[in-house]
Amino acid sequence: MVRTRSSQIKASIIVPTYKENENLRSLTKRLFQAIASSSYSHWVELIVVDDNSNDGSAETVAELQKEGYNVRIVVRTTERGLSSAVVRGFQESQGEYLVCMDADLQVCQPLFFPVFLHLKNGVDWSQHPPECIPALLALLDDSSFVQATRYHPSSRTNENWPLYRKIISEGARVLARPLTSVSDPMSGLFGIKKEYFLKAKDMNPLGFKIALDLLVKSNIPFRAIAEFPFDFGVRQEGESKLTGKVMLRYLEQLAELYFWKFGYSLILFLLVILVLVMFLLAKIAGFM
Ligand SMILES: Nc1nc2c(ncn2[C@@H]2O[C@H](COP(=O)(O)OP(=O)(O)O[C@H]3O[C@H](CO)[C@@H](O)[C@H](O)[C@@H]3O)[C@@H](O)[C@H]2O)c(=O)[nH]1
Ligand SMILES: [Mg+2]
């Protein structure tokens, strides 16, 4: 187990949580075990940002602290939401490298680095494995943003991930295409250098897609972005919080980002083109 020298934190791992108590112990142990053998062994802190789950998460973190893990929990009682929780964690962080990761331990398999597989029931699908964090941190040495992607030719998605989730994910990705050329801005596993987080202007963290917000608003040059292939599994314990409301929030977020990036004139121009195309189609179809 790793005892971190908290005065010298280099990387902060931020985990937003809502009712994830059953995953916290395993997540913390696996993370610190993974970094123990890396060059970051004494320089990592784990910050859990919990939205008042009241499920024993705070107690679990207190126990883990007693055991010597450099983990702390921020419990929010007046705010709710994945993205704003991540922003809060970033604000609380001491590290120069910031990583965001889900608590439910999804599969991640770095391409150019040793592959770590957590074997469960003999199947080589684990979840966002903390084992890939050292590789992700290593990529941040030479990049300003590292995005874990499910859409690299070498990435795989677990066959148990429901078809409707695949369709939603693909649709969400297409809609974000004009905003960023990153292949999977939807992924909840990414790293950013703190200086770029601090540069991000007008952050309005709605819903789930905090990486997309940061990619658009921090003005990171494309060449400073690295992609990190990973295999996407199903969650280990508990339930997904991706609801219809979260999807609506995403559309709201997209509208805000489109306006932010392109301004009203381009949106107006596209609307005019759309009306013209519809007019033309109606004419061809003989309605006019
Ligand atoms: N603090 C806080 N945390 C939250 C909230 N809602 C969800 N979380 C936490 O955010 C993480 C992701 O939530 P899931 O419920 O596991 O989401 P998902 O459906 O698996 O979607 C995730 O994976 C997608 C694909 O990579 C991502 O697109 C999405 O952003 C998210 O990371 C989990 O650690 C969960 O506890 C909230 O309102 N508040
Ligand atoms: Mg999940």
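For ligands, and for the atoms within them, numbers begin at 1 and follow the listed sequence.
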Proximal candidate to [atom] [heavy atom criterion; set [options]]:
atom                    : options                      : result
atom 39 (N) of ligand 1 : Val48, Asp51, Leu24, Ile210  : Asp51
atom 24 (C) of ligand 1 : Arg76, Arg88, Met186, Met101 : Met186
atom 12 (C) of ligand 1 : Asp104, Asp184, Asp102       : Asp102

NZ or CZ of [X] within 45° of [Y] ring axis and under 6.0 Å:
X      : Y      : result
Lys199 : Tyr196 : yes
Lys10  : Tyr97  : yes
Arg80  : Tyr18  : yes

Would you mind listing which atoms of ligand 1 come within a distance below 4.0 Å of any non-hydrogen atom of [X]?
X      : result
Ala85  : 1 (N)
Glu20  : 33 (C), 34 (O), 35 (C), 36 (O)
Gly188 : 26 (O), 27 (C), 32 (O)
Ser187 : 26 (O)

| task | Starting at CZ of Arg30, measure out to CG of Asn23 and round the result to the nearest 0.5 Å. | result |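 Reported to 0.5 Å precision, the distance equals 9.5 Å.
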| Can you tell me how far CD of Glu92 sits from OG of Ser12, rounded to the nearest 0.5 angstrom? |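 The OG atom of Ser12 sits 10.5 Å away from the CD atom of Glu92.
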For ligand 1, which is the ligand I care about here, please tell me if [X] has any N or O atom under 3.5 Å from one of the ligand's N or O atoms.
X     : value
Gly81 : yes
Tyr18 : yes
Thr17 : yes

| query | Is a side-chain donor or acceptor of Arg76 paired with a backbone partner of Gly81 at a separation under 3.5 angstrom? | reply |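 At least one qualifying donor-acceptor pair exists.
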| For Ala200, does its backbone N or O pair with a side-chain atom of Ser218 as donor and acceptor, under 3.5 Å? |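 No; judged by distance alone, with no hydrogens or angles, the pair does not exist.
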| Any side-chain donor paired with an acceptor under 3.5 Å for Gln147 and Asp184? |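 No donor-acceptor contact under 3.5 Å links the two side chains.
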| request: Can you sort out the partners of Arg177 under side-chain contact (heavy atoms from CB on, under 4.5 Å), two or more places apart, ordered by chain and number? | output: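 For Arg177, no residue satisfies side-chain contact (heavy atoms from CB on, under 4.5 Å) once neighbours in sequence are set aside.
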Answer with side chain, backbone, both or neither: which part of [X] has a heavy atom less than 4.0 angstrom from an atom of ligand 1?
X      : answer
Val49  : backbone
Ala103 : both
Lys209 : side chain

